[in-house]
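Written below as structure tokens is the structure these notes are about.
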Number of protein chains: 2
Amino acid sequence: MSATRAKSVPDRRRAILDAAVKVFARQGFHACRVSDIADEAGVAYGLLYHYFPSKDDVLSTLFLERWGVMLEMIRAVDREPLPAREKLTAIASFIVDSYRHDPDLMKVIIVEVTRAANSFGQTHLAQIRQAYTLIAAIVTKAQQEGVFKAEIDAEFAAMTFYGAIEQVLTGWIFGLLPQGDDHFERAKQMVVETVCGGLECAVTPSKT
Amino acid sequence: MSATRAKSVPDRRRAILDAAVKVFARQGFHACRVSDIADEAGVAYGLLYHYFPSKDDVLSTLFLERWGVMLEMIRAVDREPLPAREKLTAIASFIVDSYRHDPDLMKVIIVEVTRAANSFGQTHLAQIRQAYTLIAAIVTKAQQEGVFKAEIDAEFAAMTFYGAIEQVLTGWIFGLLPQGDDHFERAKQMVVETVCGGLECAVTPSKT
DNA sequence: TCGCTGGTTGACTGACCAGTCAATCTATGC
DNA sequence: GCATAGATTGACTGGTCAGTCAACCAGCGA
């Protein structure tokens, strides 16, 4: 009865983080007030400063928490003896599933951190870069094995691959692409098929 | 002697816009003050409000000006009787050259508008969407001609293609990818080759 | 020379909001 | 029952900054 009592020991810190995700996603980091987060969490204004040194730090925490999980996941996949295409599929799946599981959180990470070259992007550049580097390593290995073309820089390919995924998420975030479980599954396949196999038909169709 | 006299009739409005590009690129839209723009332009604070109704409107003007040129360019390319791959190359070239010509402006457009799903991105969603739609139309046509695979949604392919380019620009903006005329030229080729031809080698190499 | 128009100036205002802090509450140990 | 530590509260402060506005000025026509 002492462990994890439902109401008696509420995790305020977690409540604040969850509320911040909602508020940041709805209003944007710059446009929202700290009091909006506190209200959403059902908590007094000052309590946020008991758990976090600043508003910025709340966003940083959200980002680092999630990004760390992703980096670990990429490293784990890379350790497996899988073909490059399947490694990339696993990464795409993870990111898409992250969005499916918590679209608000992914929206915040992409819009407020990953794609914000000024302010936050700058601060977390090292973390962001690691993802690109890990993907590039997968491409390099595939090139050495002769599975991927050598004439496309691995770093460049990594940017292309990641950029394609992030743009698809952005499409969902903006409401420009249709969402739903089946669309999410198709997206995983299509992004990998596009980047690995290309849009062009393998052989010129002799459809005569 | 009356037309375009160098110093006597300075275009303050243009000076303000150019200064805004520099300041937005350096400090970010939210982080900078209107006085920073005025200072950079060598103009009094109040003059900005003589030419623009608000700080927001300055950014909107910069975006709409440039984005309009790009949309017109895509439409023009699409009118030409070119193969899809060359159309995409032309679009990639235009965007890369835009960055080469004025990296600060492209940084501002991408970071503050295109990738800002909240705030500005929302306002100009219709404009942004048009670019995707035009690219998707090119893909659809290529699919009907049997040049591009039919199993990848055209809208999806458009997002992938545009996302790849934007991510490369972001790489330059963040200082994650090497810059320079030769890198820019290679980038044009590589992004199209990746998306159209794919990363994988056409035939499994029998390199035994 | 005078006055008008429109460009130009920058001090000022009003609103907003991140972060502080002293007071209050709650739980736990003795 | 009491004391202590940590959690919780929310009114308040200090600083910032977008946007205003009354005054000033330059050019030009009469």
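Just so it is clear, the structure is predicted and the values come from calculations on it, not from any experiment. Labels below follow one simple rule: chain letters A, B, ... track the order of the sequence lines, proteins then strands, and each chain is numbered from 1.
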- Query: Which is it for B:Tyr132 and B:Met159 under the side-chain contact (heavy atoms from CB on, under 4.5 Å) test, yes or no, and what are the steps along the way?
  - Reply: CA-CA 6 Å; B:Tyr132 305 148; B:Met159 294 299 267; 3.6 Å; yes

- Query: Under the salt bridge (charged side-chain N to carboxylate O under 4.0 Å, His left out) criterion, do B:Asp97 and B:Arg100 qualify, and how do the steps go?
  - Reply: CA-CA 5 Å; B:Asp97 288 338; B:Arg100 168 159 40 194; 2.5 Å; yes

- Derivation of the side-chain contact (heavy atoms from CB on, under 4.5 Å) call for A:Lys149 and B:Met190: CA-CA 11 Å; A:Lys149 294 170 185 167; B:Met190 289 195 292; over 6 Å; no

Side chains of residues 59-71 of chain B: which donor-acceptor partners sit under 3.5 Å, not counting sequence neighbours?
unit_1, atom_1, unit_2, atom_2, d
B:Ser60, OG, B:His124, NE2, 3.0
B:Thr61, OG1, B:Asp57, O, 2.7
B:Glu65, OE1, B:Arg14, NH2, 3.3
B:Glu65, OE2, B:Arg14, NH1, 3.3
B:Arg66, NH2, B:Ser98, OG, 2.8
B:Trp67, NE1, B:Gln127, O, 2.8

Taking only distance into account, with no hydrogens and no angle test, what donor-acceptor pairs under 3.5 Å do side-chain atoms of residues 31-46 of chain B form with protein atoms, sequence neighbours excluded?
unit_1, atom_1, unit_2, atom_2, d
B:Asp36, OD2, B:Gln27, NE2, 3.2
B:Asp36, OD2, B:Arg33, N, 2.9
B:Glu40, OE1, B:Arg26, NH2, 2.8

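Counting heavy atoms from C-beta on, the side chains of B:Phe156 and B:Val139 never come closer than 4.5 Å. Between B:Trp172 and B:Leu169 the shortest side-chain heavy-atom distance falls below 4.5 Å.
Every residue meeting the side-chain contact (heavy atoms from CB on, under 4.5 Å) condition with A:Arg85, not counting sequence neighbours, appears here in chain and number order: A:Thr89, A:Val192, A:Glu193, A:Cys196, B:Glu200.
Across the protein-nucleic acid pair, A:Arg12 atom CZ and D:dG6 atom C1' stand 13 Å apart, rounded to whole Å. Rounded to whole Å, the distance from CZ on A:Phe52 to C1' on C:dA18 is 16 Å. Atom NE2 of A:His50 and atom C1' of C:dT24 are 14 Å apart (whole Å). The CG-C1' distance, from A:Leu47 to C:dA18, rounds to 16 Å in whole Å.
Taking the ring centre of B:Phe24 as origin, the terminal cationic atom of B:Lys55 falls outside the region bounded by 6.0 Å and 45° from the ring axis.
Within residues 28-42 of chain B, the residues approached by DNA chain D to less than 4.0 Å at the level of any non-hydrogen atom are B:Cys32, B:Arg33, B:Val34, in residue-number order. If you check residues 54-62 of chain B against DNA chain D, the residues with a heavy atom closer than 4.0 Å are B:Ser54, B:Lys55, listed by number.
A donor-acceptor contact shorter than 3.5 Å is absent between the side chain of B:Lys107 and the backbone of B:Ile173. Between the A:Gln143 side chain and the A:Ile152 main chain, a donor and an acceptor come within less than 3.5 Å of each other.
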What N/O pairs connect the protein and nucleotides 20-22 of chain D at under 3.5 Å? Give each pair on its own line.
none

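If you check every strand for non-hydrogen atoms under 4.0 Å, B:Tyr51 touches sugar and phosphate atoms only.
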